[in-house]
Every structure is written in structure tokens, then in C-alpha cells.
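Down below is the structure, laid out as C-alpha cells.
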Amino acid sequence: MSQSAPRSQDAGVGTVPVELGPRSYDVLIGPGLIGAAGELLHARFGAARCAIVTDRNLETTGHLARLAEALTPGHRLRGAIVLSPGEATKSFGELAGLCQRLLELGVERGDLVIALGGGVIGDLAGFAAAVLRRGVRYVQVPTTLLAQVDSSVGGKTGINTPQGKNLIGAFHQPSLVLADTDALASLPDREMSAGYAEVAKYGLLGDASFFAWLEANAGGVLARDRQALIRAVTRSVEMKAEIVARDETETEERMLLNLGHTFGHALEAWAGFSAKLLHGEAIAIGICLAFRFSEAQRFCPAGTAARVAAHLASVRLPTRISDVPGATGPDAADLIRLMRQDKKVQDGRLTFVLARDIGAAFVSREVNAVDVEGFLAREIARREP
Ligand SMILES: NC(=O)c1ccc[n+]([C@@H]2O[C@H](COP(=O)([O-])OP(=O)(O)OC[C@H]3O[C@@H](n4cnc5c(N)ncnc54)[C@H](O)[C@@H]3O)[C@@H](O)[C@H]2O)c1
Ligand SMILES: [Zn+2]
């Protein structure tokens, strides 16, 4: 995990292969991919017909029309299903309705379901594809930065229940991912920054030189500078692809991708999975907490956590529990309770991703809950930057 230069890209489209034997696929990254989708799908899947699943924001921004137009020649498109935007769409009720509508459109075993949207659409449409007719192929067309660098790659699909997020789902790898960097032009800046937290995560967990590159180029990435964006997305996807190829079903190494997520999920749950705190914002705070905790436990050199927080703050991401909006914040016991409910708990012990340095994360299952609670109580009490 030491190289920081993306394998293949210039001004055009780069390809990152995800090597999973018979389930291998390519992630294409670059401008203009939505408009080229017809030819790209034809080259790979011949005459297969398809159905698009998306949400209303992709309709309003014109991305759906562009994709539908690209797929119209040859009558390849059976139809498009437009759902409500937002996390609430990842539900059993929406899944049932979506499966029925896909069947009504006549989707057959050899067809492709195309998920056009952010992680919500990707997770839901991917899960529908996993169960529809006992499994049909699907193509991810991620349109948020988070979905391009994270949720569209790796085959985790699923929905939420009142018991928690993503507790029902399936591993079902896509057959192709088209990450059109032009689609990010219409993404609200706040969503862009939230997705950036996952980009920074890759540097922090396994590639210090990529993190250093991000420190110098974050402005370009967030301004949608084409070269900077392609490089950031490509390196992120390369790292995810390498880790997923080695540990598809998250028995060990894939857990590294959860850097910042044990703390982050607890904060998200505390905020009620609302617009008060977007996933990536919770992860930014979670990453800072993971580095501060690593420093407090003397795993990682003094000053590392401050460098991480300074970078995330420079892209307008929150870095402290006290940055979560609201009159009263969570207390340490609330957060510990929420962490215990998280699905990463094994035998009642908390699993954490900690760090020995920038670019050197490791999985620890031996973290003492009392130490974490004391640490969180101190974090909640502090207000200074
Ligand atoms: N499967 C995985 O491995 C994985 C990994 C990380 C996150 N996730 C899941 O991803 C979800 C979050 O994904 P997300 O952050 O993409 O959220 P999202 O899908 O809710 O998208 C965020 C918002 O941006 C809008 N949007 C999407 N693309 C747009 C565009 N190009 N222009 C304008 N608006 C656009 C959406 O309509 C939505 O309102 C969560 O449900 C999370 O659990 C899954
Ligand atoms: Zn995440």
C-alpha cells in the first residue's frame, strides 16, 4: 500500500480492475461516462436490456435524461424508476416496491439493473438486483463523491431497519462501475465535503504519500478540478479494490475501511441519521477521535491527530463531538451504548481501527471500553480547537 500515483489516467478515463475471480469487474473513472454508457455497456454486455433505478435529484439535475438518452438506441432501456431521495428510501417497504416495479418493467435474468445515484440508490438497487429472480447483474453509476470512492465498489448492498443501518443485505458485486466525475458538478458542496472524508480515510489508513498529496490538493478536488478529482477518486478506488480483493467478505483486512466508523456510526445514530450530521461528517469526527485515541494510547506519535484534524477542518469538515449541532451533545455512556449496538461488535468487545501513524492503520479487538468511555468524556468536555 505504498504507491500513491494512480495506475492509469491522464486527461481521459482511467480503469481500476477489481480482481475477484469470476466476480471481477472494472471501475471506470473520468468525465463523460454517463453519455458514453450505451457504447460501454454494449461493449461488455452485448444486447442485454436494462432498467434504471435513481432518485428525484438525479432527474432534476438532468443526469437521468442523459443516461436514458445514452441507452435508448437499440431499445436497450426497459424503463426508469425514480425514488425519493434520502436515507429513508433504504427500507423494506421501498425494496418491496422496487422489486415489483422491476418485475413489471419485465426485467429478466440476463438484464442489467443500473443504479444511478448516491450510496442510497446503489445500496438499495444493488440489494434488489441480488434478490430479484435470485440475482441479476447490476451496474453502478455513482453520482456522489462518497459513492464514487466507496459505496459503489466492493459489493456490499442492503437496507436499514428500525434496529439499525445496513443490518439486512447481501454481498453482490456489480458487473461494472461508471464513475463519471462530471456528475459531481451538480453535487451540493456539503455532500462533496462529506464524501471527501472517505477520500482522506484512504490516505490515513494506508497511504501516507496520498494523504500528503491531498493536503496540497484538497482545494482542487473540492473545486471539481478535473485532474485533481480523477486522481483522488482513482487512488481511493485502487485502495478499496486492493483491500476488497484480499478480503471480500470482511473477515479481517477489509475492516480497515472502517477507520473512523465505530465512533462515527455512534455519532450518526445519536443524531438520528438526520441531515444534522451527514455520514461523511460523522466519519470526519470519527477519524479524528480514532487518531486522538491512538495518540492517547501511545500507539501513534504526538501531533499526528492535530495534523489530521487540521486537514479535515481545512475542507470545512467537523472534527470534534462539540461540532455536532444541537443544544446538548451526547454523553460518553450514550456513545458507548450505541457502539455496542453497532454490528462490528464481536463477543461483546468493541472493534476499533486505530493508527500507528498516518497511513498505518490497524484493527484492534482488544480495546477496553472503560478507556474509551474515559477518553470520550474528556473529548466531550473539551471545547478548544
Ligand atoms: N455499500 C457500501 O459499501 C457503502 C459504503 C459507504 C456508504 N454506504 C451507504 O451510502 C449511503 C450514503 O451515500 P451518499 O452519501 O451518496 O448519500 P445519498 O445517496 O443519500 O446522496 C446524497 C444526496 O445527494 C443527492 N445526489 C446524488 N448525486 C447527485 C448529483 N450528482 N447532483 C446533485 N445531487 C445528487 C442525492 O439525491 C441525495 O439527496 C448510506 O446509506 C450508506 O450506508 C454504503
Ligand atoms: Zn463510510
Side-chain angles (χ1 to χ4, degrees), residues 34 53-64 66-67 82-91 94 115-127 130 138 140-160 164-174 177 179-202 205 224 236-237 240-241 243-244 248-250 254 256-265 267-269 273-275 277-287 343-344 353:
I34 290 179
V53 181
T54 191
D55 78 35
R56 262 197 320 276
N57 289 333
L58 280 304
E59 189 173 43
T60 323
T61 49
H63 300 305
L64 172 60
R66 261 187 296 284
L67 179 61
V82 182
L83 303 172
S84 300
E87 192 67 35
T89 295
K90 267 175 62 174
S91 70
E94 293 283 344
L116 172 72
V120 165
I121 289 299
D123 281 13
L124 176 71
F127 189 35
Y138 74 114
Q140 292 272 19
V141 185
T143 60
T144 63
L145 182 57
L146 180 137
Q148 296 195 350
V149 300
D150 192 356
S151 61
S152 66
V153 179
K156 280 190 185 177
T157 71
I159 55 171
N160 306 323
K165 271 191 62 168
N166 301 324
L167 294 178
I168 309 279
F171 283 101
H172 184 47
Q173 298 291 345
V177 181
D180 185 339
T181 46
D182 287 346
L184 303 179
S186 58
L187 191 68
D189 288 343
R190 188 179 170 201
E191 295 286 353
M192 195 72 189
S193 290
Y196 183 86
E198 304 279 4
V199 174
K201 178 189 79 176
Y202 291 106
L205 74 86
R224 283 79 157 172
S236 300
V237 170
K240 180 148 189 188
I243 291 173
V244 167
E248 185 177 3
T249 56
E250 194 169 309
R254 191 166 175 171
L256 290 175
L257 298 172
N258 293 327
L259 175 63
H261 282 61
T262 305
F263 288 123
H265 280 160
L267 290 167
E268 257 186 303
F273 298 103
S274 65
L277 189 67
L278 299 179
H279 174 75
E281 294 169 343
I283 294 320
I285 300 174
I287 288 172
K343 64 188 184 306
K344 284 182 286 299
V353 182

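Ligands are counted one by one from 1 in listed order, and the atoms in each one are counted from 1 as well. If you read the sequence from its start, that first residue is 1, and numbering goes on from there.
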Inset, instruction - Give yes if a backbone or side-chain nitrogen or oxygen of Arg254 is under 3.5 Å from a nitrogen or oxygen of ligand 1, and no if not. - result: no
Inset, instruction - Return the residue, atom name and 0.1 Å-rounded distance of the protein heavy atom closest to atom 7 (C) of ligand 1. - result: Leu146 CD2, 3.7 Å
Legend entry - Any side-chain heavy-atom pair of Asn258 and Thr262 under 4.5 Å: no
Inset, instruction - Compute the shortest N/O to N/O distance between His279 and ligand 1 and return yes if it is under 3.5 Å, no if not. - result: no
Inset, instruction - Indicate whether the side chain of His63 and that of Thr143 have a donor and an acceptor atom separated by less than 3.5 Å. - result: no
Inset, instruction - Give a yes or no answer on whether the side chain of Thr89 reaches the backbone of Ser84 with a donor-acceptor pair at less than 3.5 Å. - result: yes
Inset, instruction - Taking all heavy atoms of Tyr138 and all of Thr157, pick out the closest pair and write down the distance. - result: OH-CG2, 3.5 Å
Legend entry - Nitrogen or oxygen atoms of Gly119 and ligand 1 under 3.5 Å apart: yes
Legend entry - Opening angle between OE2 in Glu198 and NE2 in His261, taken at the Zn ion (ligand 2), to 10 degrees: 120°
Legend entry - Non-hydrogen atoms of Lys165 and Phe273 that approach each other most closely: CD-CE2, 3.0 Å
Legend entry - Identity of the nearest option to atom 20 (O) of ligand 1, non-hydrogen atoms only, from Asp182, Val120, Thr54: Val120
Legend entry - Enumerated ligand 1 atoms positioned under 4.0 Å from heavy atoms of Asp150: 5 (C), 6 (C)
Legend entry - For atom 24 (O) of ligand 1, the option (of Leu116, Leu187, Ile121) bearing the nearest heavy atom: Leu187
Inset, instruction - Using a strict cut-off of 4.0 Å, indicate which atoms of ligand 1 neighbour a heavy atom of Asp55. - result: 36 (C), 37 (O)
Legend entry - Within-cut-off N or O pair, Glu191 and ligand 1, under 3.5 Å: no
Inset, instruction - State the atoms of ligand 1, each with its element, that fall below the 4.0 Å cut-off from a heavy-atom position in Lys240. - result: 3 (O)
Legend entry - Contact atoms of ligand 1, heavy-atom distance to Pro85 under 4.0 Å: 37 (O), 39 (O)
Inset, instruction - Say whether Ala183, considering both its backbone and side-chain N or O atoms, lies within less than 3.5 Å of an N or O atom on ligand 1. - result: yes
Legend entry - Worked verdict on Asp189 versus Arg224 for salt bridge (charged side-chain N to carboxylate O under 4.0 Å, His left out): CA-CA 10 Å; Asp189 288 343; Arg224 283 79 157 172; 3.0 Å; yes
Legend entry - Option whose closest heavy atom lies nearest to atom 5 (C) of ligand 1, chosen from Ser151, Gly62, Gly126: Ser151
Legend entry - Close-contact set for ligand 1 against Ser186 heavy atoms, below 4.0 Å: 30 (C), 31 (N), 32 (N), 33 (C)
Inset, instruction - Check for a donor-acceptor pair, side chain of Lys240 on one end and backbone N or O of Asp150 on the other, with a separation under 3.5 Å. - result: yes
Legend entry - Nearest protein heavy atom with distance in Å, relative to atom 27 (C) of ligand 1: Thr144 CG2, 3.3 Å
Legend entry - His63 and ligand 1 - part of the residue with a heavy-atom distance under 4.0 Å: side chain
Legend entry - Residue pair Ala147 / Gly117: nearest heavy atoms and the distance that separates them: CB-O, 4.1 Å
Legend entry - Distance from atom 25 (C) of ligand 1 to nearest protein heavy atom, with residue and atom: Asn57 ND2, 3.9 Å
Legend entry - Close-contact set for ligand 1 against Lys90 heavy atoms, below 4.0 Å: 9 (C), 40 (C), 41 (O), 42 (C), 43 (O)
Inset, instruction - Identify the heavy atoms of Pro174 and Gln140 that sit nearest to each other, and give their distance. - result: CB-CG, 3.9 Å
Legend entry - ligand 1 N/O within reach of Lys165 N/O, cut-off under 3.5 Å: yes
Inset, instruction - Pick, from Lys156, Glu87, Glu59, the option with the minimum heavy-atom distance to atom 1 (N) of ligand 1. - result: Lys156
Inset, instruction - Determine the minimum heavy-atom distance between Gln148 and Val237, stating which atoms define it. - result: O-CG2, 3.3 Å
Legend entry - Contact (N/O only, under 3.5 Å) between Gly86 and ligand 1: no
Legend entry - Heavy-atom check, side chain of His279 versus side chain of Glu87, under 4.5 Å: no
Inset, instruction - Give a yes or no answer on whether the side chain of Asn160 reaches the backbone of Asn166 with a donor-acceptor pair at less than 3.5 Å. - result: yes
Legend entry - Distance-only N or O hit between ligand 1 and Thr157, under 3.5 Å: no
Inset, instruction - Could you walk me through whether Arg56 and Glu59 pass the salt bridge (charged side-chain N to carboxylate O under 4.0 Å, His left out) test, one step at a time? - result: CA-CA 5 Å; Arg56 262 197 320 276; Glu59 189 173 43; over 6 Å; no
Inset, instruction - Among all protein heavy atoms, pick the one closest to atom 28 (N) of ligand 1 and tell me residue, atom and distance. - result: Thr143 OG1, 2.7 Å
Inset, instruction - Quickly, which of Gln173, His172, Glu250 forms a side-chain hydrogen bond (donor to acceptor under 3.5 Å, both in side chains) with Lys156? Name it, please. - result: Glu250
Legend entry - Atom indices of ligand 1 within 4.0 angstrom of Asp123 heavy atoms, with elements: 1 (N), 2 (C), 8 (N), 9 (C), 43 (O), 44 (C)
Legend entry - Within-4.5 Å side-chain heavy-atom neighbours: Asp55 and Val120: no
